[in-house]
Amino acid sequence: MPELPEVERVRQSIEAVVAGATVERATLHRRDVLVIPGDPEGGFSRNRTRYRPKRASPAHLLQGLTLRGAHRRGKQLALVSSKGPAVIVHLGMTGQVRRVAEGARLPQTDHIHATWRLTAADGSRWRLVFRDPRRFGGLWHVPDSASLTERWSALGPDALTLTPTALAEVCRGAKRAVKAVLLDQRAVAGVGNIYADEACFAAGIDPHRTATTLTPHEIESLAAEVRRILADAIERGGSTLRDYVDAEGTQGGAQLVHRVYARAGLPCTQCGGVLSTDRLAQRATVWCPRCQG
DNA sequence: AGGCGATCCTGAGGGC
DNA sequence: TGCCCTCAGGATCGCC
């Protein structure tokens with residue numbers, strides 16, 4: 001499940017090829033994966049039972065344009081053209097962006113929903129594909145840079161640079177669990193279930209605590225741990241639990257240092273006590289009742 | 001306001 | 001070997 005670190009690794013692993021590249025040809029293999037402005041379903045997620053996509057053209061996937069680069073906010077990735085139009089890529093649960101040299105074979109060819117054929121700035125030719133077996137992810141066409149800014153302004157501050165002030169602001173008056181706040185992309189962008197649990201553990205805060213009751217000291221500690229854990233996970237190449245690989249197919253190693261995620265019933269690495277589990281905000285949650293007061 | 005359940009989807013893993 | 005069930009979860013929607 002790609003969260004901020006995994007999306008950032010994907011971004012890094014395509015940036016060099018994407019910056020200055022020309023999109024020679026773009027193909028959409030599955031129509032309902034792309035949302036274009038004016039679609040009956042205008043939100044960020046598609047309700048598939050009702051979603052009826054309008055006709056998409058290769059231009060909606062930036063065919064014929066030169067790319068400026070790959071940008072990221074929270075868990076969202078955007079291929080941005082130098083003229084302004086962009087495509088937001090959301091990986092959802094099982095989404096991948098893979099990149100191979102033109103003519104090279106992709107390791108997996110099932111569930112590929114979009115393909116871009118690129119000529120990089122140095123003249124080399126590449127194929128970029130969006131693959132997403134479970135289709136919780138998707139693509140969003142954005143007509144200009146102002147629209148991208150507008151869309152991304154609906155997201156909270158990027159979790160990688162989360163300040164105590166910003167965290168305090170979204171916790172103020174929030175009568176819900178602090179983990180629910182961390183998972184809310186409008187409050188903080190980029191944290192998912194794994195790193196929410198890991199950050200709460202590292203900060204010694206029970207994820208069930210009502211957000212508004214956190215002390216300034218706890219807020220500061222939590223913001224620092226969110227930043228540290230995400231930065232460390234990026235350095236380790238992200239967390240590979242099952243599906244995640246970066247654009248070159250490289251697995252991550254951050255899962256090796258998880259202290260609580262998927263460790264329910266196992267001993268706490270800090271105190272040796274048994275880790276507890278329940279469901280919070282619809283997500284499996286693991287914490288140490290002794291270390292997280 | 002926000003908790004909660006349902007929904008979308010596929011693949012893995014357990015039980016028998 | 002195979003079938004059925006459950007579970008995983010990001011985001012949203014509708015109900016309470």
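Values in this document were obtained by computation on a predicted structure and should not be read as measured data.
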Hey, is [X] close enough to [Y] for a salt bridge, meaning N to O under 4.0 Å?
{"X": "Asp110(A)", "Y": "Arg131(A)", "value": "yes"}
{"X": "Arg11(A)", "Y": "Glu8(A)", "value": "yes"}
{"X": "Arg259(A)", "Y": "Glu198(A)", "value": "no"}
{"X": "Arg228(A)", "Y": "Glu225(A)", "value": "yes"}
{"X": "Glu218(A)", "Y": "Arg209(A)", "value": "yes"}

Among residues 279-287 of chain A, which residues get a heavy atom nearer than 4.0 Å to DNA chain C?
Arg279(A), Arg283(A), Ala284(A)
Quickly work out the [X] [atom1] to [N] [atom2] distance and round it to whole Å.
{"X": "His111(A)", "N": "dT10(B)", "atom1": "NE2", "atom2": "C1'", "answer": "6 Å"}
{"X": "Leu139(A)", "N": "dG10(C)", "atom1": "CG", "atom2": "P", "answer": "19 Å"}
{"X": "Asp132(A)", "N": "dC9(B)", "atom1": "CG", "atom2": "C1'", "answer": "9 Å"}
{"X": "Leu155(A)", "N": "dT12(C)", "atom1": "CG", "atom2": "C1'", "answer": "14 Å"}
{"X": "His113(A)", "N": "dC8(B)", "atom1": "NE2", "atom2": "P", "answer": "17 Å"}
{"X": "Tyr244(A)", "N": "dG10(C)", "atom1": "OH", "atom2": "P", "answer": "15 Å"}
{"X": "Lys179(A)", "N": "dC4(B)", "atom1": "NZ", "atom2": "P", "answer": "13 Å"}
{"X": "Leu183(A)", "N": "dG2(B)", "atom1": "CG", "atom2": "C1'", "answer": "14 Å"}

Nearest to the side chain of [X] - [options]?
{"X": "Arg176(A)", "options": "dG10(C), dA8(C), dG2(B)", "result": "dG2(B)"}
{"X": "Asn193(A)", "options": "dG10(C), dA8(C), dG2(B)", "result": "dG10(C)"}
{"X": "Glu3(A)", "options": "dG11(B), dG10(C), dT10(B)", "result": "dG10(C)"}
{"X": "Ala180(A)", "options": "dG11(B), dG3(B), dG10(C)", "result": "dG3(B)"}

Can you find a side chain N or O atom of [X] that sits less than 4.0 Å from OP1 or OP2 on [N]?
{"X": "Lys175(A)", "N": "dG3(B)", "value": "no"}
{"X": "Arg135(A)", "N": "dT10(B)", "value": "yes"}
{"X": "His90(A)", "N": "dA11(C)", "value": "yes"}

For Thr161(A) and Asp158(A), which I'm curious about, is there any donor-acceptor pair between the side chains at under 3.5 Å?
no
By nearest heavy atom, map Thr94(A) and Arg186(A) onto DNA chain C; which one lands nearer the 5' end?
Thr94(A)
Apply ring pair (Phe, Tyr, Trp, His ring centres under 6.0 Å) to the pair Trp152(A) and His71(A), showing each step before the final yes or no.
CA-CA 11 Å; Trp152(A) 279 3; His71(A) 301 178; 7.3 Å; no
If each of Arg131(A) and Ala177(A) is mapped to the nucleotide of DNA chain B with the nearest heavy atom, which maps nearer the 5' terminus, i.e. the 5' end?
Ala177(A)
Of Pro133(A) and Ala174(A), the one whose nearest nucleotide on DNA chain B sits closer to the 5' end is Ala174(A)
Closest heavy-atom pair and its distance - Ala159(A), Val191(A)
CB-CG2, 3.7 Å
Looking at CD1 of Ile229(A) and CG of Leu4(A), how far apart are the two atoms once the value is rounded to the nearest 0.5 Å?
13.0 Å
All N/O pairs under 3.5 Å across the protein-nucleotides 3-6 of chain C interface:
none

One pair to check against salt bridge (charged side-chain N to carboxylate O under 4.0 Å, His left out): Arg283(A) and Asp197(A). What are the steps and the verdict?
CA-CA 10 Å; Arg283(A) 308 293 152 74; Asp197(A) 277 6; over 6 Å; no
